[in-house]
*Asks:* 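Here it is, the structure in full.
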There are 2 protein chains.
Amino acid sequence: MASSIHDLARHLNISIGTVSRALNGRADVNADTRQRVLEAARTLNYSPNQSGRSLRQGATHSIAFMLQPHPGDQQYGEPFFIPFLTGLQAKLAEHGLDLMVVMGEPGKYQQERLRRVVETRWVDAVVLANTRREDDRIDYLSKAGFPFATLGRSQSGDDSYPSLDIDFERAGAEAVDRLVARGHRRIAAIRPAHDLNFGYLFLDGYRKALQRHGIEIDPELIASGFISEAGGYEVTPQVMRSKDPPTAIIFNNDAMALGGCKALAEMGIRPGQDMAVIVIVDTPLCRYFSPALTAFRPALEPMGQRLAEMLLASLPAFGGPEGPRIIREVWPLELVARDSD
Amino acid sequence: MASSIHDLARHLNISIGTVSRALNGRADVNADTRQRVLEAARTLNYSPNQSGRSLRQGATHSIAFMLQPHPGDQQYGEPFFIPFLTGLQAKLAEHGLDLMVVMGEPGKYQQERLRRVVETRWVDAVVLANTRREDDRIDYLSKAGFPFATLGRSQSGDDSYPSLDIDFERAGAEAVDRLVARGHRRIAAIRPAHDLNFGYLFLDGYRKALQRHGIEIDPELIASGFISEAGGYEVTPQVMRSKDPPTAIIFNNDAMALGGCKALAEMGIRPGQDMAVIVIVDTPLCRYFSPALTAFRPALEPMGQRLAEMLLASLPAFGGPEGPRIIREVWPLELVARDSD
DNA sequence: CGTTTTTCCGTAAACGTTTACGAGAACACA
DNA sequence: TGTGTTCTCGTAAACGTTTACGGAAAAACG
């Protein structure tokens, strides 16, 4: 069915070696024959077989992004990643690399899938997201010497991989600053459980800012739960049970914020009026929620592009480890003031 | 770096042929040696190289889903597809197939990308979405004889490919029924432009239902625009300029509905109070918008699973065209009554 | 015109698998 | 014991590329 390089060579009455060289833009081929080869390739509808090509070259020219929906996330679904992926894909494409998103199964352990992708040499590098503080995926890739980059920081691995993260610490601190400036003293923080690193980072910023303002850190005002609407719904009442309940809540996650607002509403507390609410990572839902949620917004598409650059700079085939080693970057967020605080 | 089948064979002092047969579960290998091979494979951390494997077999055991963000969709990003992909991936994995999402560039013509994927034999089959009435991607795949399935109907191709769609006609009709039952007679319909097929299907149902109720179809109440918030914002005022303006609007798309509601608000018209609003395809945004938007919800994850089954049944390697040929299915939507109508 | 350089192309090996084929050994059967 | 069958494994070809190597022809040079 599909035409091979042999068909092309036979059709042109030249050797396959010449055809290959012509197509790959090598110098040692006559300009005239190159013309003819390219033309024939177009008419015969030839493109080199990916498997043959990568087998010979030992490179697939494609990068995997490991996407794993949170369990029970049936209706929600990570709108966060699409703009990021758009940027990532665009920049990779500039260098002739293809991006493929590898879907994991919601509940399952992603490690297994990652191993398959790596060991079977499907791709030349992988990009990870939702990094945890201790992340066995990172440890594995580090140890295996497989090229990768992460969206999000971690304490794992040998520290020599590119990573790009959002400045959750600063966002947490700025959220506190903003609320304090508006007269709040009892400020709660709600973050995802598990070991997701950004939850810790956020909390650090939150704590430091409170100290800076001379406000005591009350453990009763800090809670964590599943990173989902249900999680926010479940955990928000906890901080409200304090003897001296909060007048403001910072949510580290939009899904949890939505669930939290629902819980508040059921307690007769109106976000934006009776309770100030700030969300750390903005998504479309924050904008359309009522009241529209004040949130910190990352520049997702540029971040995707940047991480692609950083990954490329770490690949031997693209300038490699000799070039300038830009290992870690942390990007600021932009506050989008809305109606909830 | 990565161990090959030769390493394994050398380590066990047997031939690579036997190793391969042992790993692939063939019958003509001694139970004892198979044991040893499997064990060695585990300790040596061996997995067969994907490229070598597919080159030899002429099959990659992976399926591509072509995802293309709408242009300018920076913050929004198709939450629609994640649950669908989750279902698709789960069912494919049951049969040892891998799903990879191939990202297109937002504005660009997807055809080119598709051709590359197909011609380089990256995958064994593809799944398309956002089908158009005349869809050159489908024509291309049909003509090329490349296996594929579509989420959404089309008039293209040779009609022998599996497709699964939502019953937009019925949803359009039911939306009208519901509004008429609540006393509305002036009902507008807003759909995406381009040639997106579901826009036409929706409109058919809308028209038929109006006729059934003996309500005249007023072209002034029908409009189409870009499938985005901006599109809805831009086009909604058109139907409001009618001499006898609508008292209800059916949006064929959540993004357009959000833009439309914004436009209405700016005209001092409150959705849910001064204007009934129904959305055809529900997304999380509909639920969180204020007022919460009444919408029709598809069962995305089961749909993903089902389309995987249909695709598999059409693949020669999996029972193939001999088996029962389930070619087309149309699934109903479920009405989720909220506050906007 | 002889020599050296350059230009261009064909040959063949290699990448890591899978699999058709055949052969030796063990076994069953008469 | 001779013959046919079964079990197990090694050999080698093939999948479609890319690329190192070498050689013939053409060009450049003296």
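Here is the naming used below: chain letters follow the sequence lines, and residue numbers restart at 1 for every chain.
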*Asks:* Could you tell me the separation between the CG atom of Leu23(A) and the C1' atom of dT18(D), rounded to a whole number of Å?
*Replies:* 11 Å
*Asks:* Answer yes or no: is there a donor N or O on one side and an acceptor on the other, between the side chain of Thr150(B) and the main chain of Ala129(B), under 3.5 Å?
*Replies:* no
*Asks:* Quick one: which protein N/O atoms are closer than 3.5 Å to N/O atoms of nucleotides 23-28 of chain D? Pair and distance per line, please.
*Replies:*
none

*Asks:* Suppose we screen for side-chain hydrogen bond (donor to acceptor under 3.5 Å, both in side chains). Which residues come up paired with Asn30(A), at least two apart in sequence or across chains?
*Replies:* none
*Asks:* Leu8(A) has an atom CG; how far is it from atom P of dG10(C), in whole Å?
*Replies:* 13 Å
*Asks:* Asn24(B) CG to dA20(C) P: how many Å, rounded?
*Replies:* 12 Å
*Asks:* Salt bridge check, Lys91(A) against Glu94(A): does any charged N sit closer than 4.0 Å to a carboxylate O?
*Replies:* yes
*Asks:* Would you say Gln111(B) has more than 12 foreign heavy atoms packed within less than 6.0 Å of its CD?
*Replies:* yes
*Asks:* Measure centre to centre between the rings of Phe65(B) and Phe81(B), then say whether the value is under 6.0 Å.
*Replies:* yes
*Asks:* Whole angstroms only, please: what is the CG-P distance between Asp32(B) and dC7(D)?
*Replies:* 17 Å
*Asks:* Which part of the nucleic acid does Ser4(B) contact within heavy-atom distance under 4.0 Å: base, sugar-phosphate only, or nothing?
*Replies:* sugar-phosphate
*Asks:* Looking at DNA chain D, which of residues 36-47 of chain B put a heavy atom within less than 4.0 Å of it?
*Replies:* none
*Asks:* Is the NE2 atom of His61(B) crowded by more than 12 outside heavy atoms at less than 6.0 Å?
*Replies:* yes
*Asks:* Can you classify the ring geometry of His95(B) versus Phe318(B) as parallel (below 30°), tilted (30 to 60°) or perpendicular (above 60°)?
*Replies:* perpendicular
*Asks:* My understanding is that only residues two or more places apart in sequence, or in another chain, count here; which of them pass side-chain contact (heavy atoms from CB on, under 4.5 Å) with Glu134(A)?
*Replies:* Gln155(A), Ser156(A), Asp195(A)
*Asks:* Out of curiosity, Ser15(B) OG to Arg21(B) CZ, how far, rounded to the nearest 0.5 Å?
*Replies:* 6.0 Å
*Asks:* Would you work out how much the helix from dC1(C)-dG30(D) to dA30(C)-dT1(D) bends between its ends, with each end axis defined by five base pairs, to 10 degrees?
*Replies:* 40°
*Asks:* Would Ser142(A) and Asp158(A) count as a side chain to side chain donor-acceptor pair (under 3.5 Å) if you check the C-alpha gap in whole Å, the side-chain angles of each, and the deciding distance to 0.1 Å?
*Replies:* CA-CA 6 Å; Ser142(A) 264; Asp158(A) 61 2; 3.3 Å; yes
*Asks:* One thing to verify: whether Arg113(B) and Asp98(A) come together as a salt bridge, which I'm taking to mean a side-chain N less than 4.0 angstrom from a carboxylate O.
*Replies:* yes
*Asks:* Please list each protein N or O that sits under 3.5 Å from an N or O in nucleotides 9-15 of chain D, with the distance.
*Replies:*
unit_1: dC9(D); atom_1: OP2; unit_2: Asn30(B); atom_2: N; d: 2.8
unit_1: dC9(D); atom_1: OP2; unit_2: Thr33(B); atom_2: OG1; d: 3.1
unit_1: dC9(D); atom_1: N4; unit_2: Asp28(B); atom_2: OD2; d: 3.4
unit_1: dG10(D); atom_1: OP2; unit_2: Ser15(B); atom_2: N; d: 2.9
unit_1: dG10(D); atom_1: OP2; unit_2: Ser15(B); atom_2: OG; d: 2.8
unit_1: dG10(D); atom_1: OP2; unit_2: Thr18(B); atom_2: OG1; d: 2.6
unit_1: dG10(D); atom_1: N7; unit_2: Arg21(B); atom_2: NH2; d: 3.0
unit_1: dG10(D); atom_1: O6; unit_2: Arg21(B); atom_2: NH1; d: 2.9
unit_1: dA14(D); atom_1: N3; unit_2: Arg56(B); atom_2: NH1; d: 3.4
unit_1: dC15(D); atom_1: O2; unit_2: Arg56(B); atom_2: N; d: 3.2

*Asks:* Going through the checks in order, is the side chain to side chain donor-acceptor pair (under 3.5 Å) test met by Thr60(A) and Asp124(A)?
*Replies:* CA-CA 6 Å; Thr60(A) 64; Asp124(A) 298 340; 3.1 Å; yes
*Asks:* Is there a donor-acceptor contact under 3.5 Å from the side chain of Ser20(B) to the main chain of Ile16(B)?
*Replies:* no
